[in-house]
Amino acid sequence: MQSSGMPELAEVEYFRAIWDAGVRQRVEKVKLHAGKRIFRGSDSRLLQRALTGATFLGSETRGKQIALRFSGDAWLGIHLGMSGDMRVEPPDFKPEKHDHLTLFQKKRALVLKDPRMFGRVRFHVGKDLPDWWSSPAPAITSRQFSLKWVREALQRRRGPIKGALLSQNIFPGVGNWMADEILWQAGVSPTRVASGLNEDELHALWKATRSITKTALKTIGVDWGDPPKNWLIHVRWKKTGKCPRDGSKLCRETIAGRTTAWCAQCQE
DNA sequence: CAACCTGTTCGCCA
DNA sequence: ATGGCGAACAGGTT
């Protein structure tokens, strides 16, 4: 699998857990690149003041969104966009050009890097939950992410199924590679109109979404490990990519605004 | 060097 | 009103 961090739900979970090294520890100092695009819409000076001296209590993910809780009812929101990653450095670390936010603790520095800054840092203080932490969509791993949920959401869509899979309000955390993987494993062509799938196809799509999510979280999500060898992800960017199932040459086209790879033989 | 990129948001339109 | 589309965002990589 490609090593650069371009995060969908499993990659996001992997990076979130990296900062667990600092849970229950105080933040001694905060360094940030105020005014950078990554802080758009939030007050980075207020963030800096509120997190200095606060204790990092824990974090969780919702799709591609990460929420980190701190003492004093302070919340940090991180979205990694296209090029974000999170890492841990020694406490005397000097942030580099793209390290836009660094939380210094006694024994380590928690670093957020995002060269392209399509990602975003948010901030909230209060007893109430941040508004950016609410989502209409149930987690794919939850019971509420049912066949019924998928069926009803897809009924409203007129465009290609590929576009519907990228909608965070339906499939939270699914991005470009997962969408292609889901369609390939379900045997559904990315060009099909979302509302036109029959019951068998809907069921296959729902099952593939659940199992790919589960497996990605157990591999990529834990230690950036490789997903199963026979998955499409390993060949989808190769110029001469071949379908792992039947060996035929993969199609590549822009569908719903994203480069899409699929096998015209086994996806109808 | 030009093209391309695992994401979201905006404005415009149907 | 909701959804779909293209453009824009910014830097690194091929």
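Bear in mind that the values here come from a model prediction, so they are computed numbers and not experimental data. By convention in this document, chain letters (A, B, ...) are assigned in the order of the sequence lines, proteins followed by strands, and residues within each chain are numbered from 1.
- Separating the CH2 atom of A:Trp237 from the C1' atom of B:dT6 is a distance of 8 Å, rounded to the nearest angstrom.
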Counting primed atoms, P, OP1 and OP2 as sugar-phosphate and everything else as base, the B/S/- map of nucleotides 7-14 of chain B against protein heavy atoms under 4.0 Å is BBS-----
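- Protein atom CZ of A:Arg252 is 13 Å distant from nucleotide atom C1' of B:dT6, rounded to whole Å.
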Donor-acceptor pairs under 3.5 angstrom involving side-chain atoms of residues 59-70 of chain A: please list them, not counting sequence neighbours.
residue, atom, partner, partner atom, Å
A:Ser59, OG, A:Arg16, NH1, 2.9
A:Arg62, NH1, A:Trp133, O, 2.3
A:Lys64, NZ, A:Val174, O, 3.1

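- The shortest non-hydrogen separation linking A:Val30 to A:Gln48 is O-NE2, 2.9 Å.
- For DNA chain C, the stems formed by at least three consecutive Watson-Crick or G-U pairs, with both atom-pair distances below 3.5 Å, span B:2-5 with C:11-14, B:7-14 with C:2-9.
- We find that CD of A:Glu253 is positioned 14 Å from P of B:dC4, with the value rounded to whole Å.
- When A:Pro227, A:Pro228, A:Pro244 are each tested for a side-chain contact (heavy atoms from CB on, under 4.5 Å) with A:Ile233, only one passes: A:Pro227.
- Note: CD1 (A:Ile255) to C1' (C:dG6) measures 16 Å, nearest angstrom.
- The shortest distance between side-chain heavy atoms of A:Val121 and A:Leu32 does not fall below 4.5 Å.
- In this structure, A:Leu232 places its CG atom 13 Å from P of B:dT6, rounding to the nearest Å.
- Hydrophobic cluster of A:Trp262: the remaining members, joined at side-chain heavy-atom separations below 4.5 Å, are A:Ile255, listed by chain and number.
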Can you check ring pair (Phe, Tyr, Trp, His ring centres under 6.0 Å) on A:His203 and A:Trp206, steps first, answer last?
CA-CA 5 Å; A:His203 190 261; A:Trp206 171 66; 5.6 Å; yes
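- Sequence neighbours left out, the pairs with a member in residues 21-33 of chain A that pass salt bridge (Lys or Arg N to Asp or Glu O under 4.0 Å) are A:Arg26-A:Glu28, A:Glu28-A:Lys106.
- Rounded to whole Å, the distance from CD1 on A:Ile212 to P on B:dT6 is 17 Å.
- Note on A:Arg156: a side-chain N or O is less than 4.0 Å away from OP1 or OP2 of C:dG3.
- Across the protein-nucleic acid pair, A:Asn169 atom CG and C:dG4 atom P stand 12 Å apart, rounded to whole Å.
- Residue A:Asp85 contributes atom CG, which lies 14 Å from atom C1' of C:dG11 at whole-angstrom precision.
- Place A:Gly159 and A:Pro115 on DNA chain C by their nearest nucleotides, and A:Gly159 ends up nearer the 5' end.
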Output a table of donor-acceptor pairs, distance under 3.5 Å, between side-chain atoms of residues 152-162 of chain A and any protein atom two or more places apart or on a different chain; print 'none' if there are none.
residue, atom, partner, partner atom, Å
A:Lys162, NZ, A:Asn176, OD1, 2.5
A:Lys162, NZ, A:Asp180, OD1, 2.6
A:Lys162, NZ, A:Thr260, OG1, 3.0

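- Across all strands shown, A:Thr259 has heavy atoms under 4.0 Å from sugar-phosphate atoms exclusively, and none from any base.
- With hydrogens and angles left out, the side-chain atoms of A:Ser248 and A:Asp246 include a donor and acceptor closer than 3.5 Å.
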